[in-house]
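First the structure, in the form of structure tokens, and then the observations on it.
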Amino acid sequence: MQRDGANTSLWQHQVEDYPSRQGSLDGQQFDVIIVGGGVTGITTALQLQKAGKKVLVAESHHLCFGTTGGTTAHLNSFLDKSYDDIEKDFGEDAAQLVVSATGKALELYRSNIEEYQIDCDYRQKDGYLYAVTDEQSEKLDSIFEASVRAGVEVVRSERIPVPVEFKKAIVYREQAQVHPAKYVYGLAKAFEAAGGVIMQNCHVNDVVESDEMVVADTSLGPVKGTYLIYATHIPPGINLLHFRCAPYRSYAIAVELKSGDYPDGLAYDMFDPYHYYRTHETADKKYLVIGGEDHKTGHEKFTDSCFAQLEAHARSYFDVGTVAFRWSSQFFEPADGLPYIGLLPGSTGNILVATGYSGIGMICSHISALLLTDLIMKKENAYAALFNPNRVKPVAGFANFVKENVDVVTEFFEKRLEAEKIEGLNELAPGEARVVRYEGKKLAVYKDPQGKVYAVNPVCTHAKCVVSWNGSEKSWDCPCHGARYDLDGKVLTGPARKGLEPVSIDVFHKHST
């Protein structure tokens, strides 16, 4: 299964690309067009198709190509924003709504898997949150008390499933884990069986909204819809949400343990960024999956070092034998800590969005599927106001909003001035990438281990920031809003719609010998 990076995730192992159907969309009309074939898009599509709508899923690459194929697939009844912080910023009623929403999302997983008999390694597990310092212990007490007030099933624990010394721990009952690709494929088959249409390798170039209709210009022809949903992790184009969501990379490894003694449960420490652990069992093997080492997209120069640090962390607690898989993925951190699900800011009423999932996208995807379906079906939903993308909370998240956007301005101006001047390709070592100046032009250049050179215009087509090299995933990543491009400049992940302009390497030849 293809993904948006050079590394291979555990979920790609022994999984093929979802079968593609051929044909044109030219002139077709649907009730709902969903852009994005990850867990949010496919789950929402199935819910709407079952509700009687005619639904199209348009995916630029293949199903699970983006973050869904790079998640660690924890299913939680708690968000990255803890219940005490939700209480403080949004009120006790909001915390109770989040408990209700996550509970319904977990139930949707269970009912989908049972109804469609999806073999996706689903397991119910307890989730342990633990403190290792006095300061963390104090925070954990606050989280526990707020969790109890909110109504989530949580108790204190004298043990955790990982061999880490700790001071205090709490356990959230009936959490879960899943193989994300197998789950999405199962839903996709059910969606198509119900009459839904999935078009892969179908890039949406532009969208025009009128009072009662949306027209999407796609690589397979123009298509009309009454509604359009962006399930692309962040909407394309320039939108208010790009200033309220910050892109981050997270790293994961799947290791085999010499002892065969794998943790039974989900576990999370309280550092920032935090580490998270779970065991995944396939038909013939077990793996310990460990994630962490998060950083802002495009802000880490040596991304391979993040894997090295994560492996060192794993080896300090576990008898690691083989590191079987390593991969990274992208998420978007919302300014106030809650996802944005509903009407796209600036839309006249026909375009909806689901974004700002932070590190818990698997559960937010199903909250989104339920909420977006209700909005399109004109049904009341108790969570609509809480997750409204147009909400205004001057206090909640204001400091994060300022910090992240100062970072964007800094990246925009500083990197536009930075570029090392070179005379020819002989100055680049095999496997090296740089943003350089050559004869007055700024170029993003990569020389692969065999000596082949790839050169592109380094200015991101989204908001004109200058891209940075991601050595571990072999991609050019925008440090402002998270657009990512492959070696040829093609878009891997939005919000960019257009790729980076390729540059002929002939300009180097006279200096390359």
Side-chain angles (χ1 to χ4, degrees), residues 2-7 60-61 65-66 201 203-206 217 219 234 236-238 242 247 249 296-304 328 330 408 410-513:
Q2 299 178 57
R3 269 198 67 233
D4 61 357
N7 293 300
S60 283
H61 300 279
F65 181 82
N201 299 304
H203 182 68
V204 176
N205 303 310
D206 195 16
D217 174 29
S219 56
I234 192 75
I238 302 292
H242 298 113
R249 301 296 297 174
K296 285 198 73 173
T297 299
H299 287 238
E300 173 57 58
K301 187 173 183 180
F302 302 107
T303 49
D304 276 321
S328 66
Q330 189 146 293
V408 168
T410 301
E411 288 293 328
F412 181 83
F413 286 105
E414 288 189 357
K415 286 203 172 179
R416 291 184 76 85
L417 299 175
E418 294 176 356
E420 180 182 357
K421 184 177 180 181
I422 65 170
E423 300 298 329
L425 291 178
N426 58 324
E427 296 185 37
L428 266 72
E432 185 182 7
R434 294 190 224 168
V435 175
V436 301
R437 284 193 182 277
Y438 176 78
E439 293 189 349
K441 293 184 178 180
K442 206 169 191 178
L443 302 172
V445 184
Y446 170 67
K447 182 189 285 188
D448 73 14
Q450 290 72 44
K452 182 178 180 180
V453 175
Y454 302 81
V456 295
N457 184 326
V459 179
C460 178
T461 61
H462 175 244
K464 309 306 180 185
C465 294
V466 174
V467 296
S468 298
W469 177 244
N470 182 334
S472 67
E473 296 292 2
K474 301 294 183 288
S475 62
W476 293 104
D477 298 356
C478 178
C480 292
H481 303 108
R484 298 179 57 245
Y485 306 86
D486 70 10
L487 300 180
D488 295 311
K490 295 177 183 176
V491 175
L492 290 170
T493 56
R497 282 193 172 106
K498 293 175 59 179
L500 301 176
E501 179 187 1
V503 177
S504 171
I505 62 170
D506 291 343
V507 296
F508 289 105
H509 283 172
K510 63 181 178 180
H511 298 289
S512 298
T513 57

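If you read the sequence from its start, that first residue is 1, and numbering goes on from there.
For the atom pair S475 OG and L487 CG, the distance stands at 8.5 Å (nearest 0.5 Å). For the atom pair L443 CG and L500 CG, the distance stands at 11.5 Å (nearest 0.5 Å). Atoms NE2 and NE2, on H462 and H242 in that order, are 4.0 Å from each other to the nearest 0.5 Å. Taking CG of D448 as the start and NZ of K474 as the end, the distance is 10.0 Å to the nearest 0.5 Å. Here CG of D206 is found 6.5 Å from CG of D217. Values are rounded to the nearest 0.5 Å.
Proximity of T303 to E473: side-chain heavy atoms (C-beta onward) are nowhere separated by under 4.5 Å. Using a 4.5 Å cut-off on side-chain heavy atoms (C-beta onward), D486 and Y454 make no contact. Looking at V445 and R434, their side chains never come closer than 4.5 Å, going by heavy atoms from C-beta outward. Looking only at side-chain heavy atoms (C-beta outward), F65 and L492 come within less than 4.5 Å of each other. With a 4.5 Å cut-off on side-chain heavy atoms, Q330 and R484 count as touching. The closest side-chain heavy-atom distance from K441 to V503 is not below 4.5 Å.
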Test side-chain contact (heavy atoms from CB on, under 4.5 Å) on Y485 and V456; report intermediate values, then the result.
CA-CA 10 Å; Y485 306 86; V456 295; over 6 Å; no

Practice prompt. Tell me, with the steps shown, if R497 and T461 meet side-chain contact (heavy atoms from CB on, under 4.5 Å).
Written response: CA-CA 8 Å; R497 282 193 172 106; T461 61; over 6 Å; no

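The minimum heavy-atom distance between C460 and A483, with the atom names listed, is SG-CB, 3.8 Å. S60 and V204 make their closest contact through OG-N, 4.4 Å (heavy atoms, listed as atom of the first residue, atom of the second, distance). Closest heavy-atom contact between E432 and A429: OE1-N, 2.8 Å. Closest non-hydrogen pair, G66 versus D4, comes out as CA-OD2, 3.8 Å. The nearest pair of heavy atoms linking S472 to A6 is O-CB, 4.0 Å.
Around NZ of K490, the count of heavy atoms belonging to other residues, nucleotides or ligands within 6.0 Å does not exceed 12.
Note on ring orientation: taking the six-membered ring where Trp is involved, the planes of W469 and Y446 are parallel (angle under 30°, cut-offs 30° and 60°).
With 2.5 angstrom as the limit on SG-SG distance, C480 and C465 come in below it.
The closest side-chain donor-acceptor pair between D477 and T297, if any, does not fall under 3.5 angstrom. Between the side chains of S468 and N470, no donor-acceptor pair is found at a separation under 3.5 Å.
No donor-acceptor distance shorter than 3.5 angstrom exists from the side chain of N7 to the backbone of S328, with no hydrogens or angles considered. Listed for the H203 side chain is no donor-acceptor partner under 3.5 Å among the backbone atoms of K498.
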